[in-house]
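A short worksheet on the structure shown next.
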Amino acid sequence: MGENSAIDEVLSGLNPQQRRAAQHGDGPLLIVAGAGTGKTATLVHRVAWLIAKGVDPGRILLLTFTRRAAAEMIRRVDSVLRQLERLDQGATVSRPHVGRVWGGTFHAIATRLLRRYAKAVGLAPAFTIHDRTDSEDLLNVVRTELGLVKTEKRFPNKGTCMAIYSRCVNARQQLAEVLAGHFPWCKEWGDELKRLFDAYVDRKDDASVLDYDDLLTFWHDLLADPQAGELVRKRFDCILVDEYQDTNLLQAEILYQLSPTGKGLTVVGDDAQSIYSFRAATVRNILDFPKHYPNATVLTLEQNYRSTQPILEATNQVIRLAKERYAKDLWSKRSEGDRPMLVTCEDEDDQADFVVRQILGHREGGIPLRRQAVLFRASHHSILLEAELTRRNIPFHKYGGLKFIETAHVKDLMAFLRLAENPRDVVAGSRALELLPGIGPTKARQLMAMLADSGGDFAAWREWKPPAAAGKLWPKFFALVEDLAAAKTDLAGQVHRTRNFYQPILEDRYDNPRPRARDLEQLEQIASRYRDRRTMLAEITLDPPASTQDLAGPPVLDDDYLVLSTIHSAKGLEWDAVYVIHASDGNIPSDMATGSTEEIEEELRLFYVALTRAKRWLCVGYPLRYYHYPGSFSDAHGYGQLTRFLPERALRLFRRATTTAPEGEEDEDLGEDLAREPRLSSRSVRKRTKRFWS
DNA sequence: CTGTTGAAATTTTTT
DNA sequence: ATTTCAACAG
């Protein structure tokens, strides 16, 4: 078989649009791909096609939203090339080198490039990376130093300051504009914020640390350098970008600098699934792509391979509420299937109970747990369900929300490693030092200053006289960091030593040390999987394991678990059965996001993303009654209203159910209205009784 | 200067 | 319910 017919054979599984996209030539290409339209398959085949056509895999850059997505794509590219090899023995396919494709998130790729070209932008190659909490900590230190804490009126808190800063950088907007547009209540603090940000930037430089935004900024400015920029540009022949609708202006500029004419540039996205504007992502990137690259080709994928037609009809109705969008009419050949279900639940308990029963029913029907998922707007929406699943011994993995790596004890332990890696990292250093009794912010700062003066040599601490309280631990601490800095043992050994040192501190500081200690044992396990400390520290902050269980090691094939996920973390994934819970106004859309029409529009798209994850069964639930307003310490309760994103014409496409009574058994004496919106149940009475002792 | 205690404010999504 | 802040004792 000749080369051309072999590649034809490989591409024959694609539909005509997908195929055109995969075989597109050099010019800039935008693929507008609706939910479930085989976007990944298209991208995978395009990469395979490029390699088959002789492009060096090491010169392909694949930018994805998560590391997992990149790994998955590279795995599939490899499989397509394998197939090609079988079909065409004589073909010159460089399959064994597929692993050389540069794949990862913008931030991960930035890290790789910046390590290599550190000198060109004046960075120490051993720079460490701050995650959001580290950045906020540093910002807070600066804020205190500038005396912005004791202002008459309260100064915006560190999280808000960080968000403002971040938006300026990522949206490439002036502070004044950002304040007016997104933080009007902070307008009066403009001058103070300027001082704060100036000082923050300087402090990061002193500490040789980069925050998430810096990774992009430095990459951007590296590309602007006449010599180094040219070197980086020349590294890549083809650049492919997934989830383009969730890139921000800074990222778009990076792409533009990598390929000013758009030669070799492919971007894929769906404007209807843009859900990251809080990270300054802008739909404008995808909408204006043809303007920025005048010779761009735009291809649209509309045939959905994921969901059944009844589900698609419902989701199409939902997205029709969007004000501005590229009209796409998704259709599927899978016309059979149940209509989606809308369940009105009495309260949160009923909702959890109903969902669990559905899940078990589907499992009995042959759908394993791992092909089912429960999705929700905010991480805490699943707490009750988690309790119920635990009670019933149903295994689950939760994605999104607080990550393993963000828990205090893990951050503590990592602080030692980070300090050893980069002795100028004051955030990590202070964190480790302040674990010792008798050492607080002031002494920690002094010690870090001594360390900086000595050029990062821990010997500078040898003569230091610790306060009495730290007397016993200090020599051990000193020996530990010196050994870590000298990297006397392998990485797992370093974690082990640190763990031994930290154990008594852990026991002293936390009520429940045992599970925490177990987490740290796990951390030691994963440490052995990394090449070196620097890599581990960077990769773990850039792409933290999405669920605690992910750390346990390679998944055992036959263990089955349900997926719980925030909608954001469910991006790009799909399941046979999907349950969207808490679909009530206030949760979807979130009360925090109803300030502007743009925000509400984004919440709509978020709901749309949730619904379109379902392949065969879709179930939307909302409780009528909440027993607590979030955060309220009274026992005030509230009534839930169905989300505004399910108007009548969408509702017609749903089956309706309630948890009050099995179907057909409604009490005839109840008026229609009461039956539809029950006010009271035995459960709620019991619950109110319980409040006297719980 | 640290560490503790009690009062007050604040709650989304994530690289 | 949890996190953050201010005040005070050692």
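- For the pair A/T566 and B/dT14, the criterion of a side-chain N or O lying under 4.0 Å from OP1 or OP2 is met.
- The distance from atom CD1 of A/I540 to atom C1' of B/dT15 is 15 Å, rounded to the nearest whole Å.
- Every residue meeting the salt bridge (Lys or Arg N to Asp or Glu O under 4.0 Å) condition with A/D214, not counting sequence neighbours, appears here in chain and number order: A/K204.
- Relative to the six-membered ring of A/F501, A/K476 misses at least one condition, a distance below 6.0 Å or an angle of at most 45° to the axis.
- Atom-to-atom, CD1 of A/I383 to P of B/dT12 comes out at 12 Å; the value is rounded to the nearest Å.
- A search for side-chain contact (heavy atoms from CB on, under 4.5 Å) contacts involving A/Q273 returns A/A35, A/Q245, A/D270, A/Y608, A/V609, A/R613, not counting sequence neighbours.
- Centre separation under 5.5 Å together with a plane angle under 30° does not hold for the ring of A/F278 and the six-membered base ring of B/dT12, so they are not marked as stacked.
- Here A/Y276 lies in heavy-atom contact (under 4.0 Å) with sugar-phosphate atoms only.
- In this structure, A/R167 atom CZ and B/dT15 atom P are separated by 17 Å, rounded to whole Å.
- Proximity note for A/A593 (side chain, C-beta onward) versus B/dT11, B/dT12, C/dT4: the nearest is B/dT12.
- Ranking B/dT12, B/dT15, B/dT13 by closeness to the A/S379 side chain, first place goes to B/dT13.
- The shortest distance between the side-chain N/O atoms of A/K571 and the OP1/OP2 oxygens of B/dT13 is not below 4.0 Å.
- Contact annotation for A/R605: no contact, since no heavy-atom pair falls under 4.0 Å across all strands.
- At least one cation-pi condition fails for A/R167 and A/F278: the charged atom is not both under 6.0 angstrom from the six-membered ring centre and inside a 45 degree cone around its axis.
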What side-chain donor-acceptor pairs closer than 3.5 Å can you find for residues 104-111 of chain A, not counting sequence neighbours?
| unit_1 | atom_1 | unit_2 | atom_2 | d |
| --- | --- | --- | --- | --- |
| A/T105 | OG1 | A/H107 | N | 3.4 |
| A/T105 | OG1 | A/A108 | N | 3.0 |
| A/T111 | OG1 | A/H107 | O | 2.8 |

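- Rounding to whole angstrom units, NE2 of residue A/H380 and P of B/dT13 are separated by 8 Å.
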List every contact pair, protein side and nucleotides 1-5 of chain B side both N or O, where the distance is under 3.5 Å.
| unit_1 | atom_1 | unit_2 | atom_2 | d |
| --- | --- | --- | --- | --- |
| B/dC1 | OP1 | A/T442 | OG1 | 3.4 |
| B/dT2 | OP1 | A/G440 | N | 2.9 |
| B/dT2 | OP1 | A/G440 | O | 3.3 |
| B/dT2 | OP1 | A/K443 | N | 2.8 |
| B/dT2 | OP2 | A/T442 | N | 3.3 |
| B/dT2 | OP2 | A/T442 | OG1 | 3.2 |
| B/dT2 | O5' | A/G440 | N | 3.1 |
| B/dG3 | OP1 | A/G438 | N | 2.4 |

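- In this structure, the CZ atom of A/R377 is 11 Å from the C1' atom of B/dT14, given to the nearest Å.
- In this structure, A/Y244 atom OH and B/dT15 atom P are separated by 20 Å, rounded to whole Å.
- For A/E602, the salt bridge (Lys or Arg N to Asp or Glu O under 4.0 Å) partners are A/R605, not counting sequence neighbours.
- Following rounding to the nearest Å, A/H381 (NE2) and B/dT12 (P) show an atom-to-atom distance of 10 Å.
- Comparing atom distances between the A/R143 side chain and each of B/dT11, B/dT15, C/dC5 picks out C/dC5 as nearest.
- With DNA chain B read from its 5' end, the first of the two nearest nucleotides for A/A108 and A/M592 is the one closest to A/M592.
- Taking atom CZ of residue A/F376 and atom P of nucleotide B/dT14, one finds them 10 Å apart after rounding to whole Å.
- Residues satisfying the side-chain contact (heavy atoms from CB on, under 4.5 Å) test with A/P441, not counting sequence neighbours, are A/E434.
- Taking atom P in both B/dT13 and C/dT4, one finds a spacing of 15 Å when rounded to whole Å.
- The aromatic rings of A/H409 and A/Y510 stand perpendicular to each other, their planes meeting at an angle above 60°, with 30° marking the opposite boundary.
- Judged by atom type and distance alone, A/R132 reaches the base of B/dT14 through a side-chain donor-acceptor pair under 3.5 Å.
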